[in-house]
Amino acid sequence: MGKSKQAKQREFSLKARKEIADRDNCECIFCKINYKMEGAGWLALATKSIMHYISRSKNGKGIPQNGAVGCQWHHNMLDNGNLGNRKEMLKIFRDYLKSHYPDWNEKDLTYSKWGFLDKFEHQEGVEL
């Protein structure tokens, strides 16, 4: 059995991964600003992946506006939040994405089964 539409929407496609890697020059957005590097090992800094701003577990879409390149060190720091840096890192992440997408809107980053109905929400005379 294949993946559900929701699962597919939350994953970064190869095209989205390439777009993000190109946009970020294959560099971790946190390493670029030298964010909390103390204690990081060379392997964790060298291993790169695509991070979700809004996580898959919260239905974050796999689109470039919701992702950035991160090294394993910073990706773990963001995901685990065990060092108390998550809130600050999300602000940095959000500001980074906003700098690349002027019309960036956090609401657009979450998958909704009924999201296609949103376009009708503001039209007069349309009842849902």
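- Atom NE2 of residue H74 and atom CG of residue N85 lie 8.5 Å apart, to the nearest 0.5 angstrom.
- Residues R23 and P64 share a closest heavy-atom pair of NH1-O, 3.0 Å.
- Residue-environment remark: CG (L43) exceeds the threshold of 12 foreign heavy atoms within 6.0 Å.
- A 4.5 Å side-chain heavy-atom check between K32 and D24 finds at least one atom pair inside the cut-off.
- Counting heavy atoms from C-beta on, the side chains of E106 and K98 never come closer than 4.5 Å.
- D108 has its side chain out of reach of Q65: every pair of non-hydrogen atoms, C-beta onward, lies at least 4.5 Å apart.
- With a 6.0 Å radius and a threshold of 12 heavy atoms from other residues, nucleotides or ligands, R17 has its CZ atom above the threshold.
- With rounding to the nearest 0.5 Å, the separation of CG in N66 from CD1 in I50 is 11.5 Å.
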task: Walk me through it: do N59 and R10 pass the test side-chain contact (heavy atoms from CB on, under 4.5 Å)?
output: CA-CA 6 Å; N59 287 327; R10 295 183 308 185; 3.3 Å; yes
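- Note that NE2 of H75 and NE2 of H52 are 8.5 Å apart. Values are rounded to the nearest 0.5 Å.
- In the hydrophobic clustering, I63 connects to I29, F30, I33, Y35, M37, L45, M51, Y53, I54, W73, M77, L78, L83, M89, L90, I92, F93, Y96, L97, Y101, W104, L109, either directly or through intervening members, whenever side-chain heavy atoms lie under 4.5 Å apart.
- Note that CZ of F12 and OG of S49 are 9.5 Å apart. Values are rounded to the nearest 0.5 Å.
- Closest heavy-atom contact between G62 and A16: O-CB, 3.9 Å.
- In terms of heavy-atom proximity, C71 sits nearest to C31 at SG-SG, 3.7 Å.
- Using a 4.5 Å heavy-atom threshold, the side chains of C26 and K48 count as separate.
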